[in-house]
Asks: 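Below: one structure in structure tokens.
Since this is a predicted model, take the numbers as computed values, not measurements. Below, all heavy atoms of this structure are taken into account, side chains as well, without hydrogens, waters or symmetry copies. We name chains A, B, ... by the order of the sequence lines, and we start the count at 1 in each one.
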Amino acid sequence: MRAHIEELVTQALGYLKRDGVIGDDIGTAIQVEPTKDRAHGDYACNIAMVLAKTAKMAPTELAKKILDRVPASKRVKSIEIAGPGFLNFFVSGHHLKIVVREILAKGADYGRAPANTLPPVLIEFVSANPTGPLHVGHGRGAAYGASVASILEAAGHPVEREYYVNDDGRQMDILAVSVWLRYLELAGERVRFPDNAYQGDYVYDIARQVRSRHGDDLRHHAHEVTEGLPADADQEGDAEAHIDALIARTRALLGDEQYEAVFAIALEAMIEDIRQDLGEFGVHFDRWYSERSLHTSGALEQALAKLEAKGWLETRNGAVWFKASELGDDKDRVVVRDNGRSTYFASDVAYLLDKLERCSGQALYIFGADHHGYVPRLKAAAKGLGQDPDRLDFQLVQFAVLYREGQKLQMSTRSGEFVTLRDLRDEVGNDAARYFYVMRSHEQHLDFDLDLAKSNANENPVFYIQYAHARIQSIFAKLEESGQRHNPAIGEAAISRLDAEPEQVLLRQLGRYPEVLENAAQRRAPHVLAHYLHDIAAEFHSWYNHSQFLVDDDDLRNARLNLAQATAQVLRNGLGLIGVSAPESM
RNA sequence: GCCUCGGUAGCUCAGGGGAUAGAGCAGCCGCCUCCUAAGCGGCAGGUCGCAGGUUCGAAUCCUGCCCGGGGCGCCA
């Protein structure tokens with residue numbers, strides 16, 4: 001509808017230009033917005049005020065001239081000039097009739113743009129290190145990314161969802177060592193567990209897997225393991241040096257083959273755990289992209305070669321640097337350390353290149369806010385690789401803090417006393433978790449109120465919306481009980497009977513759904529959709545209290561049922577995009 | 001110090017050039033002989049952090065300052 005009105009205004013301006021009323025050179029950046037106040041119609045256009053100065057005319061005078069030239073449309077009832085020069089458009093009953101008809105006809109597809117009409121998007125999200133269970137911070141990235149992906153798809157973009165698996169590097173080595181130490185413990189060795197190793201109970205679970213597969217084959221005496229190692233932190237030493245030495249010791253004692261075996265079991269177990277966790281949360285990926293594969297496939301070498309060829313690499317102090325500061329970053333970045341190992345950033349560059357080569361549209365990164373420093377360096381990398389940096393889109397998700405009984409939950413990864421995503425899902429349920437995670441702007445810190453999320457009352461927005469859907473279903477159940485049937489054809493013919501205020505409000509709101517979706521997609525902002533659904537639910541509840549649905553009047557009853565069904569459909573469609581269920585009853 | 005996100009009602013947050021700044025919760029007052037009261041209606045509540053600037057018009061854009069979260073590694 002918005003686009004339709006923009007088109008009408010464009011035509012009117014065209015006539016005025018042709019007739020020389022306004023200059024040919026006047027730009028036509030037409031803005032049409034849904035109004036906040038119904039007294040201002042349904043859509044408002046500010047074009048007269050924008051053009052008034054260059055047209056050398058008073059805004060209201062220009063508005064009048066535009067109004068006179070706007071072509072007639074069956075979907076527009078009337079246009080008014082109001083305030084400082086707004087053109088207020090009132091949609092017609094015919095338009096509202098079309099809206100309900102379209103919703104009922106398209107069903108689950110209502111609001112969806114034709115598939116694949118927009119450029120593809122490769123979205124990468126979560127990508128947490130596979131060294132432990134996902135925690136509540138990852139949960140927000142997961143809920144946000146999955147919702148954005150669904151919304152983009154609905155808006156007409158082909159979407160690929162990827163999880164980048166950091167299966168290479170020191171953290172993974174620490175996990176492997178942690179597992180092996182627990183394995184030794186299970187085998188009866190009394191061996192000290194380092195401060196910096198992974199403390200969680202899941203490490204025992206993995207150790208048990210190692211034991212069931214390898215028996216005592218990997219066992220070594222405790223003194224062999226710890227003898228001559230630098231002191232750990234609580235022994236007045238350095239925790240980092242201690243764990244690094246322990247990694248080297250582990251490799252030496254086990255040998256490459258056995259070490260890799262432990263490493264592989266740990267990695268596989270963690271990925272499987274994360275995959276399952278996210279799957280239960282309704283978050284699915286098309287590809288789990290291995291960092292290691294960048295090494296084995298030669299992609300990393302090729303990416304570096306590309307930078308080298310374009311003159312962006314330089315050797316300094318034995319390390320290879322990427323001259324990022326010449327491409328907009330605030331400092332240069334090491335890609336190969338003086339010990340010959342490539343950095344994490346080097347992998348990022350290779351992955352970036354691979355993404356841009358595979359996807360002709362945008363590479364969308366969902367980062368935690370703590371990663372914002374990566375933005376300029378990845379853009380620099382894109383430039384250095386000869387790629388268009390504007391094809392990269394970064395969305396930073398701010399932190400989530402849990403509250404219980406008004407108290408902030410303290411979390412520390414170190415001690416293992418963090419709340420996992422699984423804990424959260426168990427406590428509040430998947431629906432509440434998904435909704436709460438996206439109900440605030442992702443750019444906003446999130447205070448996650450556990451008590452509110454668990455509440456079965458209207459104060460809980462998830463229940464409030466779901467209840468609206470369930471209420472509608474119960475009306476239809478009641479209808480069936482009474483032996484009556486819903487006749488949508490009668491309802492459509494009688495749609496003009498829906499003239500009560502709450503009905504009019506709801507009709508208009510439902511018609512805005514496609515625009516809301518488009519807006520949410522463009523802004524990568526699922527909270528826009530979440531708020532909209534809450535509005536729909538509120539308007540429905542208001543209507544429900546205002547009117548009786550199952551009335552004797554066939555026309556009126558069916559018209560109302562059409563609107564109720566359309567409302568349920570929009571709620572279902574919208575909730576589906578943010579991963580929340582629409583229950584039949586509650 | 002630099003980068004980044006934020007500061008809007010008692011609380012949590014929408015609105016991000018337009019018309020009297022909105023919602024939920026909390027508070028107060030009402031509404032079930034009737035399809036789910038897990039609901040609805042109403043009242044009250046605001047120097048949009050501060051100061052300048054741009055504009056016909058600023059909560060919104062620009063600059064500076066104040067306050068808070070986060071980040072600034074040859075870590076991953």
Asks: Hey, does the Lys NZ or Arg CZ of Arg512(A) hover above the aromatic six-ring of Tyr532(A), less than 6.0 Å from the centre and inside 45° of the axis?
Replies: no

Asks: With the threshold set at 4.0 Å, does a side-chain nitrogen-carboxylate oxygen contact exist between Arg508(A) and Asp42(A)?
Replies: yes

Asks: Centroid separation under 6.0 Å, is that true for the rings of Tyr289(A) and Tyr351(A)?
Replies: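 Yes, they do, as the ring centres are separated by less than 6.0 Å.
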
Asks: Does the protein touch nucleotides 20-29 of chain B at the base, only the backbone, or not at all? Give it as B, S and - per nucleotide, heavy atoms under 4.0 Å.
Replies: B---SSS---

Asks: Relative to the 5' end of RNA chain B, which residue comes earlier, Ala537(A) or Gly373(A), by the nucleotide with the nearest heavy atom?
Replies: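 With Ala537(A) and Gly373(A) compared, the 5'-side residue is Ala537(A).
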
Asks: Tell me the partner of rG1(B), counting only Watson-Crick (N1-N3 plus N6-O4 or O6-N4) or G-U wobble (N1-O2 and O6-N3) with both under 3.5 Å; none if nothing fits.
Replies: rC72(B)

Asks: Taking any heavy-atom pair under 4.0 Å as a contact, classify Asn129(A): base, sugar-phosphate, or nothing.
Replies: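 It contacts sugar-phosphate atoms only.
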
Asks: If you look at every strand shown and take non-hydrogen atoms under 4.0 Å, does Ala477(A) touch a base, only sugar-phosphate, or nothing?
Replies: nothing

Asks: Ring centroids only, cut at 6.0 angstrom: are His541(A) and Tyr464(A) within range, meaning strictly under it?
Replies: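 So the answer is yes for these two rings.
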
Asks: Charged N to carboxylate O below 4.0 Å: is that the case for Arg316(A) and Asp332(A)?
Replies: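 Judged by the 4.0 Å cut-off on N to carboxylate O distance, Arg316(A) and Asp332(A) do form a salt bridge.
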
Asks: Look at atom CG of Asp552(A) and say whether more than 12 heavy atoms of other residues, nucleotides or ligands are closer to it than 6.0 Å.
Replies: no

Asks: Verify the distance criterion only: is there a donor paired with an acceptor across the side chains of Asp393(A) and Gln395(A) at less than 3.5 Å?
Replies: yes

Asks: Could you tell me whether Tyr144(A) and Tyr437(A) have their ring centroids closer than 6.0 angstrom?
Replies: no

Asks: Does the structure show Phe86(A) stacking with rG18(B), if we require the centres to be closer than 5.5 Å and the planes to be within less than 30 degrees of parallel?
Replies: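 A stacking contact does not exist, since Phe86(A) is not both close and nearly parallel to the base ring of rG18(B).
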
Asks: For rA59(B), which nucleotide is its Watson-Crick or G-U wobble mate, given both distances must be under 3.5 Å?
Replies: none

Asks: Would you mind pulling out the nucleotide paired to rG22(B), Watson-Crick or G-U wobble, both distances under 3.5 Å?
Replies: rC13(B)

Asks: Dump every N/O contact between nucleotides 32-35 of chain B and the protein below 3.5 Å, one line per pair.
Replies:
| residue | atom | partner | partner atom | Å |
| --- | --- | --- | --- | --- |
| rC34(B) | O2' | Gln548(A) | NE2 | 3.4 |
| rC35(B) | O2 | Leu550(A) | N | 3.4 |
| rC35(B) | N3 | Phe549(A) | N | 3.1 |
| rC35(B) | N4 | Tyr544(A) | O | 2.9 |
| rC35(B) | N4 | Ser547(A) | O | 2.4 |

Asks: Do the side-chain N or O atoms of Lys331(A) get closer than 4.0 angstrom to the phosphate oxygens (OP1, OP2) of rC2(B)?
Replies: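 Checking rC2(B) against Lys331(A), no side-chain N or O comes under 4.0 Å of OP1 or OP2.
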
Asks: Using a heavy-atom cut-off of under 4.0 Å over every strand shown, decide if Ala52(A) touches base, sugar-phosphate, or nothing.
Replies: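 Contact class for Ala52(A): none.
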
Asks: Arg377(A) near the nucleic acid: base, sugar-phosphate alone, or nothing, with a heavy-atom cut-off under 4.0 Å?
Replies: nothing

Asks: Do the side-chain N and O atoms of His486(A) and Arg557(A) include a donor-acceptor pair separated by under 3.5 angstrom?
Replies: no

Asks: Using 30° and 60° as the class boundaries, would you call the ring planes of His531(A) and His527(A) parallel, tilted or perpendicular?
Replies: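 Ring orientation, 0 to 90° scale: perpendicular.
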
Asks: Can you tell me if Tyr464(A) touches the phosphate of rC40(B), counting only side-chain N or O atoms and a distance under 4.0 Å to OP1 or OP2?
Replies: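 It does, given that an N or O in the side chain of Tyr464(A) lies less than 4.0 Å from OP1 or OP2 of rC40(B).
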
Asks: For Ala457(A) and Thr35(A), take the nucleotide of RNA chain B holding the closest heavy atom to each; which residue's nucleotide lies nearer the 5' end?
Replies: Thr35(A)

Asks: Donor-acceptor pair under 3.5 Å: do we get one between Asn46(A)'s side chain and the base of rG18(B)?
Replies: yes

Asks: P atom, rA38(B) versus rA21(B): distance in rounded Å?
Replies: 35 Å

Asks: Looking at every strand, decide which applies to Met439(A) at a 4.0 Å heavy-atom threshold: base, sugar-phosphate, or nothing.
Replies: nothing

Asks: Mind listing the N/O atom pairs, protein and nucleotides 3-11 of chain B, below 3.5 Å?
Replies:
| residue | atom | partner | partner atom | Å |
| --- | --- | --- | --- | --- |
| rC3(B) | O2 | His372(A) | NE2 | 2.9 |
| rU4(B) | O4' | His372(A) | NE2 | 3.3 |
| rC5(B) | O2' | Glu443(A) | O | 2.5 |

Asks: Taking the six-membered ring for Trp, is the centroid-to-centroid distance between Phe86(A) and His40(A) below 6.0 Å?
Replies: no

Asks: Assign Asp447(A) to base, sugar-phosphate, or nothing according to its heavy-atom contacts below 4.0 angstrom with the strands shown.
Replies: sugar-phosphate

